[in-house]
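Take a look at the structure set out below.
Heads up: numbering here begins at 1 and tracks the sequence. All of these numbers come straight from a predicted model, not from anything done at the bench. Just the heavy atoms: all of them, side chains too, but no hydrogens, waters or symmetry mates, feed the values below.
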Amino acid sequence: KMANEQQTQQIADRLSLAYRDIDNIHPKIVEKFGSIVKDLDLSNNDISDLDPLRGFTRLETLVVDGNLLTEHCKIPKMEKLTTFWVNANKISNLIVFMDKLVENTPNLKALSMLKNEACPNFFTGKTLKEYNDYRKYVVSRLTKLTVLDGTPVTDSERSEGGKLYANLSTPTISAPATPITSSSFAPPSSSPFLSKPAPITTTKKKKSKKSAPIKTTQDDLPNLPITTDGFSTTPPPPPPSSIVLADDDISSDDSWTDSDD
């Protein structure tokens with residue numbers, strides 16, 4: 001009986017809204033699951049704003065791969081969040097995005113930003129040196145981070161990052177931001193944080209055909225494959241998700257109903 005109760009609780013802790021072609025999170029979903037869910041998968045949708053997640057008060061793992069998030073998206077305070085996967089979005093200004101994470105996710109331990117312009121690596125056609133500089137900057141800002149882009153943070157990265165960027169001034173989030181991209185990533189002597197490249201515009205991606213949600217288990221979560229040049233080649237898999245809602249349950253109109261009652 002105890003085992004069944006534990007399994008039921010584990011199922012209730014996990015929610016998948018992946019591959020639903022949605023651009024927001026209905027308030028009824030927040031109302032029903034916000035105080036329960038710890039692991040939330042919103043992968044491969046058209047979401048550009050995370051502010052509705054302020055109603056998910058227990059979130060520890062959040063996966064939003066393949067959406068429309070930029071560095072200017074709203075991120076609510078999520079002090080319990082330890083794992084955040086934001087691969088394949090529209091993030092180009094690393095400083096602004098890091099400012100938001102520092103302020104709103106103070107206990108983050110695992111972050112993955114692959115396939116974003118702000119992450120200069122294999123996927124964006126950048127060099128290993130540029131990627132290593134990016135890693136040093138990120139770990140200097142997120143001091144509790146232990147895994148970045150699926151690869152463990154090393155002591156040398158943390159030490160060198162602290163030396164390189166300790167005295168680098170950080171712009172205020174509310175001030176007008178000049179987009180800073182990965183194209184000029186280098187140590188402070190020619191730092192991208194001191195340059196002013198032209199703003200980058202983004203376009204809304206074409207909606208893809210709906211697919212069935214991907215179900216995974218805890219065993220699917222370990223390290224990423226690494227190529228011989230040191231780059232991770234595959235974004236992390238989604239978190240284990242056992243609650244899967246019907247299409248009617250995620251409708252954005254007033255016809256949303258509680259199908260479980």
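- Partners of Glu60 under the salt bridge (Lys or Arg N to Asp or Glu O under 4.0 Å) rule, at least two apart in sequence or in another chain, do not exist in this structure.
- Under the 3.5 Å distance criterion, with hydrogens and angles disregarded, no donor-acceptor pair is assigned to the side chains of Thr82 and Asn107.
- The two atoms that bring Leu59 and Leu40 nearest to each other are CD2-CB, 3.7 Å, heavy atoms only.
- Here the CG atom belonging to Leu148 is positioned 10.0 Å from the CG atom belonging to Leu108, to the nearest 0.5 angstrom.
- Side-chain contact annotation: Thr151 with Asp149, donor-acceptor N/O pair under 3.5 Å absent.
- Taking the side chain as every heavy atom from C-beta outward, Asp13 and Val37 never approach each other to under 4.5 Å.
- A pairwise comparison of heavy atoms in Val86 and Asp65 identifies N-OD1, 3.6 Å as the closest pair.
- Counting only heavy atoms from C-beta outward, the side chains of Leu94 and Val138 approach each other to under 4.5 Å.
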Before giving the answer on side-chain contact (heavy atoms from CB on, under 4.5 Å), spell out for Leu15 and Asp39 the whole-Å C-alpha distance, their side-chain angles and the decisive distance to 0.1 Å. CA-CA 6 Å; Leu15 173 64; Asp39 300 334; over 6 Å; no
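- Between Tyr134 and Tyr137, the ring center distance fails the sub-6.0 Å criterion.
- For the pair Ile95 and Glu71, the minimum side-chain heavy-atom distance is 4.5 Å or more.
- Here the shortest heavy-atom pairing between Met113 and Met98 reads SD-CE, 3.9 Å.
- Leu50 has its side chain within reach of Pro76: a pair of non-hydrogen atoms, C-beta onward, lies under 4.5 Å apart.
- Taking the side chain as every heavy atom from C-beta outward, Leu145 and Leu111 approach each other to under 4.5 Å.
- In this structure, the side chain of Asn67 engages the main chain of Val64 through a donor-acceptor pair within 3.5 Å.
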